[in-house]
Amino acid sequence: MNSLKKKITLADVAREVGCSKSAVSYAILRNHPVSEELRQKIFEAIERLGYLPYGSQRRSPRKVVILLSDTWVSTREITLFQEKLQEHGLLCQQCLLPRYKESLSNQEEFYRFLNHNPQVAGIISLHPDLNSFDLIRRCKNIPTTIFCRESSMLSYSVVRLEAISRLAVSHILRLNQQRVAFVMLDEPTPYAHRIFEVMCSDPRLAGSGILLEPFMLHSDELATPSLPFSRLDASWADGVRIFLTNSVVLALPILQWAYSRRLHIPEDLSLFAIDYAEEGALCVPPLTTVALPLAKLVELTIDELLCRIAGKPFSPVTLVPSLIDRGSTYVCGK
């Protein structure tokens, strides 16, 4: 009796499912649309028959996950991804790409390198200017996901902007001051602008008579924080007593300005941020934060990528932000 096991082929999988060999190839390579139902049947057949796609029994396993990012990504995010990926036996390699669409359009050689690198198992994008269509088009043969991006077909684990905005508005109402400045960068930052728009449309603000106004910072003002001081003085003179930033990084010039003017937080000035919980705790004084669950988002993003690599389904997950009160805001009248 021949003890050698028959080699399972692509044709065997196609015959088992009742589809064409091309459809099986498309499902494996992810380079052509295949219905989710058919994809699921194909991968069930692959597992049932023990098919090893395209000579993978002779290949060394892919071990590297690429993190696409810009220079604004926090060290904490990168560290968490490295630690969590290592738990799964994967190496994490960060690749910095330029900001803005026009600069990203000149990266074709880089994407060719990724597509032909036999060590790359998958890609996680933390870059704010890369969308699903960019990645699907440029990384055709590599499973890819996007970190924490609402309304992205490559991001299934998110915190809704509406939930973040509602929580920020609720805290502003509790503070009971009439002028609030929303601090954001004066450059393409759709995430921050969208939160600002949703907050402005909240009927609770209009009903309370509270004015939420934008305060735009330039990138070079972060390198030399004395630059916005005169504009901050003007906002203070106009009655602004609450500053809300969409990042702890943008709170630093406000803190330096307050120190230089001998303003006390929170007695004279309330300052809070929308950011990950850990970031706000590192400031002096520690900042009250509308906090996003960073560790859980990282964990779910990696789970999603592993499912994409294995061809398994992943259910969308919506997480809830929380307010972590560290005493950097003052409730007027209490």
Side-chain angles (χ1 to χ4, degrees), residues 71-77 80 126 128 147-148 150 158-175 177 179-187 189-200 202 205 210 212-219 221-222 225 228 231-232 235-236 240-259 263-297 319-331:
T71 54
W72 282 86
V73 174
S74 73
T75 303
R76 179 62 179 156
E77 286 176 86
L80 271 177
L126 292 76
F147 178 60
C148 191
E150 188 177 346
V158 299
V159 180
R160 298 289 179 199
L161 296 184
E162 287 79 3
I164 296 169
S165 303
R166 283 197 302 271
L167 193 54
V169 169
S170 295
H171 193 57
I172 287 171
L173 293 172
R174 180 170 171 262
L175 300 180
Q177 291 282 354
R179 300 286 295 275
V180 181
F182 189 101
V183 182
M184 52 187 154
L185 283 179
D186 185 20
E187 56 180 54
T189 49
Y191 174 84
H193 285 278
R194 179 61 182 150
I195 289 178
F196 177 74
E197 290 171 1
V198 175
M199 289 181 67
C200 287
D202 192 314
L205 274 185
I210 294 175
L212 178 67
E213 53 197 69
F215 187 97
M216 313 306 288
L217 281 176
H218 307 291
S219 297
E221 290 181 313
L222 298 179
R231 295 194 292 118
L232 288 166
S235 292
W236 178 261
V240 172
R241 295 296 180 268
I242 302 173
F243 287 89
L244 166 62
T245 76
N246 78 294
S247 166
V248 166
V249 172
L250 301 184
L252 300 182
I254 314 297
L255 286 170
Q256 294 200 27
W257 166 75
Y259 297 152
L263 297 173
H264 296 92
I265 296 174
E267 293 83 0
D268 302 319
L269 171 72
S270 288
L271 176 62
F272 71 113
I274 297 169
D275 212 328
Y276 304 119
E278 300 91 337
E279 307 296 326
L282 299 176
C283 290
V284 180
L287 291 184
T288 294
T289 314
V290 176
L292 314 185
L294 175 60
K296 190 63 177 176
L297 283 167
L319 300 177
V320 179
S322 59
L323 181 78
I324 300 180
D325 192 344
R326 299 190 180 92
S328 69
T329 55
Y330 177 75
V331 179

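Closest heavy-atom contact between A258 and I265: CB-CD1, 4.3 Å. Closest approach of V331 and R174 over heavy atoms only: CG1-O, 3.3 Å. Nearest heavy atoms, V290 versus P321: CG1-CB, 4.5 Å. Taking every heavy atom of both residues into account, M184 and L250 meet most closely at CA-CD1, 3.7 Å. Considering every non-hydrogen atom in both S235 and F243, the closest pair reads CB-CZ, 4.3 Å. When every heavy atom of C148 is checked against every heavy atom of V159, the shortest pair comes out as SG-N, 4.3 Å.
Taking CG of D202 as the start and CG of L173 as the end, the distance is 7.0 Å to the nearest 0.5 Å. Atom CG of L217 sits about 6.0 Å away from atom CD1 of I254, to the nearest 0.5 Å. One distance of note links CG of D325 with CG of L287; it measures 11.0 Å at 0.5 Å rounding. Rounded to the nearest 0.5 angstrom, H193 NE2 and N246 CG are separated by 8.5 Å. Going from atom OG1 of T329 over to atom NE2 of H171 covers 3.0 Å, rounded to the nearest 0.5 Å. Rounded to the nearest 0.5 angstrom, E150 CD and E162 CD are separated by 5.0 Å.
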* To do: Apply the test side chain to side chain contact (heavy atoms under 4.5 Å, CB included) to residues I242 and F272: give CA-CA distance (whole Å), side-chain angles for both, the deciding distance (0.1 Å), then the verdict.
  => CA-CA 8 Å; I242 302 173; F272 71 113; 3.9 Å; yes
* Checking side chain to side chain contact (heavy atoms under 4.5 Å, CB included) for the pair I274/Y191: CA distance, chi angles, key distance, verdict? -> CA-CA 11 Å; I274 297 169; Y191 174 84; 4.1 Å; yes
* To do: Apply side chain to side chain contact (heavy atoms under 4.5 Å, CB included) to D268 and Y330, showing your working.
  => CA-CA 8 Å; D268 302 319; Y330 177 75; over 6 Å; no
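With hydrogens and angles disregarded, no donor-acceptor distance shorter than 3.5 Å links the side chain of E279 to the backbone of Y276. Looking at D275, its side chain does come within 3.5 Å of a backbone N or O of V248 through a donor-acceptor pair. Between the side chain of S328 and the backbone N or O of L271, at least one donor-acceptor pair lies under 3.5 Å.
With sequence neighbours excluded, the residues that form a side-chain hydrogen bond (donor to acceptor under 3.5 Å, both in side chains) with R326 are T289. Residues that satisfy the side-chain hydrogen bond (donor to acceptor under 3.5 Å, both in side chains) test with S322, not counting sequence neighbours, are absent from this structure.
M199 pairs with exactly one of V180, V169, L161 by the side-chain contact (heavy atoms from CB on, under 4.5 Å) rule, that one being V169.
A cation-pi arrangement is absent between R231 and W236 under the rule of less than 6.0 angstrom and at most 45 degrees off the ring axis.
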